[in-house]
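Structure first, commentary second.
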Number of protein chains: 2
Amino acid sequence: MTRAKPPAKPRRAAGRPARDERDLRAHLLDVALARFARDGIGATPLRAIAADAGVTPAMLHYYFGDKAQLKQAVIDERLLPALAPMRERLAQAGGEPAALAGSFVRGIGALVAAHPWLPPLWVREVLCEGGELREVLFHHLLPSLPQLLAQRFAAAKAAGALNPGLDPRLLVVSLVGLTLFPAAGAPIWRRVFQADDLGPGALLDHTLALLEGGLGSRPSGVSA
Amino acid sequence: MTRAKPPAKPRRAAGRPARDERDLRAHLLDVALARFARDGIGATPLRAIAADAGVTPAMLHYYFGDKAQLKQAVIDERLLPALAPMRERLAQAGGEPAALAGSFVRGIGALVAAHPWLPPLWVREVLCEGGELREVLFHHLLPSLPQLLAQRFAAAKAAGALNPGLDPRLLVVSLVGLTLFPAAGAPIWRRVFQADDLGPGALLDHTLALLEGGLGSRPSGVSA
DNA sequence: CAAAATTAATTAAACGATTAATTGTTGGCA
DNA sequence: TGCCAACAATTAATCGTTTAATTAATTTTG
């Protein structure tokens with residue numbers, strides 16, 4: 001056992017005060033989250049997080065125990081709360097495929113705007129095999145959200161309101177890719193095209209335009 | 001300097017023969033590529049590659065020098081050759097936006113079918129900030145291919161053949177996301193939807209159907 | 001009410017495990 | 001016998017973690 005037990009609940013009785021008025025624990029969580037999103041969880045040394053936060057690595061063990069518990073704290077106190085609003089948004093979206101897709105795309109857009117660390121973290125730790133967030137999210141977000149959306153698309157297809165060539169499940173996959181991938185790769189595309197006008201808002205508007213209007217200038221399906 | 005100089009060109013003159021009739025160097029490259037794609041370059045110990053190949057880690061240093069040179073060899077002799085055919089495909093595609101997009105999407109589909117390691121490697125090492133393949137690809141693939149495609153979309157837009165709400169550059173981004181993301185995440189979606197019919201072929205067909213037909217069963221833009 | 005004891009917060013230093021990289025050596029083929 | 005692929009052993013660096021010492025506030029005590 002360590003000398004001073006890590007205070008699961010910071011009891012303010014006596015002792016040296018935290019350096020900042022802001023809770024150091026919350027600050028460490030934010031710094032760790034930024035590093036995890038940028039470099040990946042496994043590739044981030046605790047030394048790097050400590051250096052970014054201006055403390056020694058021992059502080060991370062003091063507040064969180066070990067690295068696994070730090071990861072769990074980031075998940076519980078940052079990632080899952082950030083993802084929560086998507087459920088309600090999907091529940092109250094309209095039944096038309098365009099409205100449903102638009103609501104979902106706009107929901108991801110709002111999520112990304114509020115939490116810029118989300119796309120890289122998602123891409124690296126969920127999409128990649130062996131990602132360290134996969135198992136966790138499989139028990140929180142993934143069993144409900146995609147299937148709920150797919151069921152609503154399936155209902156629209158049964159009602160004849162959906163393009164019959166589309167699969168409700170694969171449509172969900174396409175929508176996620178259409179929104180998360182460009183957001184995660186925005187720095188790359190800005191550099192490739194040497195353009196500064198490819199911000200999150202432009203990406204979101206463009207995705208909606210593509211979904212609503214299709215590729216051609218004339219309504220698709222009606223040739224000439 | 002090491003004792004025996006690494007044979008940049010495996011000169012088969014004398015000495016102990018390679019264990020397999022197949023060139024051991026090529027075999028090591030394949031094994032390293034598989035591990036790099038599955039676990040990431042930085043997260044793959046040379047020990048793991050050596051164990052997979054049935055040799056000692058010293059052999060990797062013997063053939064490639066250090067880990068950076070092994071990475072470079074994988075890039076030069078596996079990744080870049082695999083990506084090369086996309087150039088020719090794009091050059092001889094039609095000028096209509098739908099034909100152009102379809103050719104690009106089909107090209108990525110063919111690429112993924114021939115090299116299953118491509119999506120995870122791309123997602124992890126190119127898309128993620130700090131990815132170890134970014135700088136290399138910025139000097140080979142990225143300066144030419146996306147801009148070529150964007151220019152052809154721009155020409156179509158000038159001719160009035162493209163949905164005016166679309167940006168030629170962002171359309172390229174969307175197409176890449178629409179194809180690479182579902183391919184990279186296929187294992188996840190198979191598990192989420194508990195379905196086995198979400199193979200690469202189904203993904204490709206679905207993406208094409210979405211691009212050509214849009215969301216609704218009626219031509220978009222013509223309401224009621 | 002000041003000095004001592006107490007306790008939380010923080011730092012510095014070190015340990016053990018793992019990894020990349022190097023070095024010395026062996027064994028088989030020409 | 002000369003040469004070189006292959007291997008074992010070693011070295012150096014890095015990472016997670018632990019331990020002990022230090023600092024600064026609160027609480028207790030004389």
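Just so we're on the same page: letters track the sequence lines, and every chain starts at 1.
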Between the protein and nucleotides 11-18 of chain C, are there any N/O to N/O pairs under 3.5 Å, and if so, what are the atom names and distances?
unit_1, atom_1, unit_2, atom_2, d
dT11(C), OP1, Arg19(A), NH2, 2.7
dT11(C), OP2, Arg19(A), NH2, 3.4
dT11(C), OP2, Thr56(A), N, 3.4

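The distance from atom CD of Glu132(B) to atom C1' of dA20(C) is 14 Å, rounded to the nearest whole Å. Whole-Å rounding puts the Leu24(A) CG to dA9(C) C1' distance at 9 Å. Ile49(B) has its CD1 atom 12 Å from the P atom of dT19(C), to the nearest Å. Rounded to whole Å, atom P of dA20(C) lies 5 Å from atom NZ of Lys67(B). Separating the CG atom of Asp66(B) from the C1' atom of dA12(D) is a distance of 15 Å, rounded to the nearest angstrom. With rounding to whole Å, His61(A) atom NE2 is found 4 Å from dT17(D) atom P. Going from atom CG of Leu28(B) over to atom C1' of dA6(D) covers 12 Å, rounded to whole Å. For the pair Ile41(B) CD1 and dT19(C) P, the computed distance is 17 Å after rounding to whole Å.
Between dA21(C), dA9(C), dT17(D), one nucleotide has an atom nearer to the side chain of Leu46(B) than all others, and that is dA21(C).
Remark: side-chain polar atoms of His27(B) are not paired, donor with acceptor, to backbone N or O of Asp23(B) under 3.5 angstrom.
Taking only side-chain nitrogens and oxygens, Tyr63(A) comes nearer than 4.0 Å to OP1 or OP2 of dT10(C). Contact annotation: Tyr62(A) does not reach the phosphate of dT10(C) (side-chain N/O to OP1 or OP2, under 4.0 Å).
For residues 99-123 of chain A, no residue pair satisfies the side-chain hydrogen bond (donor to acceptor under 3.5 Å, both in side chains) rule, not counting sequence neighbours. Among residues at least two apart or in separate chains, salt bridge (Lys or Arg N to Asp or Glu O under 4.0 Å) pairs with a member in residues 59-74 of chain B are Lys71(B)-Glu132(B). Sorted by first and then second residue, the salt bridge (Lys or Arg N to Asp or Glu O under 4.0 Å) pairs involving residues 31-55 of chain B (not counting sequence neighbours) are Arg35(B)-Asp39(B), Arg35(B)-Asp52(B).
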Output side-chain donor-acceptor pairs under 3.5 Å for residues 178-190 of chain B, partner residues at least two apart or in another chain, one line each.
unit_1, atom_1, unit_2, atom_2, d
Thr179(B), OG1, Leu175(B), O, 2.8
Thr179(B), OG1, Val176(B), O, 3.0
Arg190(B), NH1, Leu198(B), O, 3.3

Which atom pairs, donor and acceptor, lie under 3.5 Å between side-chain atoms of residues 79-93 of chain A and protein residues at least two apart or in another chain?
unit_1, atom_1, unit_2, atom_2, d
Arg87(A), NH2, His140(A), O, 2.7
Arg87(A), NH2, Ser144(A), OG, 3.2

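In this structure, CZ in Phe193(B) is found 9.0 Å from CG in Leu142(A), a value given to the nearest 0.5 Å.
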